[in-house]
Amino acid sequence: MKTIIFGLVLAFSTLSMAETLPDGHPSIPQSQGGKILVHEGTVISTIPTKNYTYVEIQQGDEIIWLAMQKKELPDGAKIRYAQGAVMKNFYSNTLNKEFPSILFVQSVEIVKE
C-alpha cells in the first residue's frame, strides 16, 4: 500500500513539474544539477586555490564569502547560487585566513544579462 501511495505522489509531482508557466508569469530561478539557484550576488573578489575558489560577494547591503569547487568568476559578475552549509569561524589552512562566516555551495552560475 505504501508503495502505491508513493508511486501516486511521485507521478503527480512529476506532472506538476512538467507544466509550463502561463504567459506573463515571472521567471523562476534556474536549476543547476537539480538545485534551485535562489540567491543572487555580485562578485567583489575571488581567491583561487588548487581545488576550491573562495568568492567575496555583495548581496544587498551584506558582504558574504562563498566557497565552491574551483570555478572562474570575474570580478563584477552577477551570480546565482543554491543554498549551502554555513560555517562560522572557518579557518583555511591553505589561505592561512579565518572567515567569520562562509557559505559552502555546490551550484553557482553567472547570470547572463
Side-chain angles (χ1 to χ4, degrees):
M1 182 67 172
K2 288 182 183 177
T3 305
I4 293 170
I5 292 172
F6 177 76
L8 289 172
V9 169
L10 182 61
F12 284 116
S13 64
T14 303
L15 285 174
S16 66
M17 288 189 305
E19 293 177 7
T20 58
L21 295 173
D23 290 338
H25 191 285
S27 65
I28 296 175
Q30 299 289 324
S31 171
Q32 186 180 63
K35 299 195 181 301
I36 302 295
L37 307 179
V38 295
H39 303 287
E40 284 191 6
T42 303
V43 176
I44 296 171
S45 67
T46 58
I47 305 172
T49 65
K50 182 179 177 185
N51 297 312
Y52 299 98
T53 300
Y54 295 85
V55 184
E56 182 182 25
I57 67 166
Q58 179 83 44
Q59 187 178 41
D61 295 334
E62 260 187 293
I63 302 291
I64 299 170
W65 279 96
L66 307 177
M68 67 195 71
Q69 288 185 343
K70 192 166 186 147
K71 184 175 184 118
E72 284 191 38
L73 296 170
D75 291 355
K78 187 175 222 177
I79 62 169
R80 275 196 191 109
Y81 58 97
Q83 185 62 30
V86 176
M87 291 191 71
K88 301 285 185 187
N89 303 316
F90 173 76
Y91 183 80
S92 166
N93 290 324
T94 304
L95 300 176
N96 193 28
K97 176 178 174 64
E98 183 170 332
F99 296 89
S101 179
I102 191 165
L103 181 64
F104 287 83
V105 297
Q106 292 181 344
S107 300
V108 174
E109 73 174 14
I110 296 175
V111 175
K112 300 194 181 9
E113 297 185 42

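We're numbering straight along the sequence, starting at 1. If you're wondering where the values come from, they're calculated on a predicted model, not measured in any experiment.
In this structure, Val86 and Ser101 have side chains that are in contact, with non-hydrogen atoms separated by less than 4.5 Å.
A distance of 9.5 Å separates NZ in Lys50 from NZ in Lys70, rounded to the nearest 0.5 Å. Atom-to-atom distance recorded for Ile47:CD1 and Leu95:CG is 5.5 Å, nearest 0.5 angstrom. For the atom pair Gln83 CD and Leu103 CG, the distance stands at 6.0 Å (nearest 0.5 Å). Taking OG of Ser107 as the start and CZ of Arg80 as the end, the distance is 13.0 Å to the nearest 0.5 Å. Atoms CD and OG1, on Gln58 and Thr42 in that order, are 7.5 Å from each other to the nearest 0.5 Å. Rounded to the nearest 0.5 angstrom, Ile63 CD1 and Ile57 CD1 are separated by 8.5 Å.
Trp65 and Val105 are members of different hydrophobic clusters when ILVMFWY side chains are connected at heavy-atom separations under 4.5 Å. Taken together through direct or relayed side-chain contacts under 4.5 Å among Ile, Leu, Val, Met, Phe, Trp and Tyr, Ile102 and Ile64 form parts of separate hydrophobic clusters. No path of Ile, Leu, Val, Met, Phe, Trp and Tyr side chains, each step under 4.5 Å between heavy atoms, connects Leu66 with Val111, placing them in separate hydrophobic clusters. A continuous path of hydrophobic side-chain contacts links Tyr81 to Ile110 [ILVMFWY only; heavy atoms under 4.5 Å].
Panel note: side chain Thr53, backbone Lys71; a donor-acceptor pair is recorded below 3.5 Å.
Taking the six-membered ring where tryptophan is involved, the planes of Phe99 and Tyr54 are essentially parallel, since the angle between them stays under 30° and well short of 60°.
Looking at residues two or more places apart in sequence or on another chain, you find a salt bridge (Lys or Arg N to Asp or Glu O under 4.0 Å) between Lys78 and Glu40. With sequence neighbours left out, Tyr52 forms a ring pair (Phe, Tyr, Trp, His ring centres under 6.0 Å) with no residue at all.
A donor-acceptor pair shorter than 3.5 Å can be found between the side chains of Ser45 and Glu56.
Enclosure of atom CD in Glu98 by more than 12 non-hydrogen atoms of other residues, nucleotides or ligands within 6.0 angstrom is indicated.
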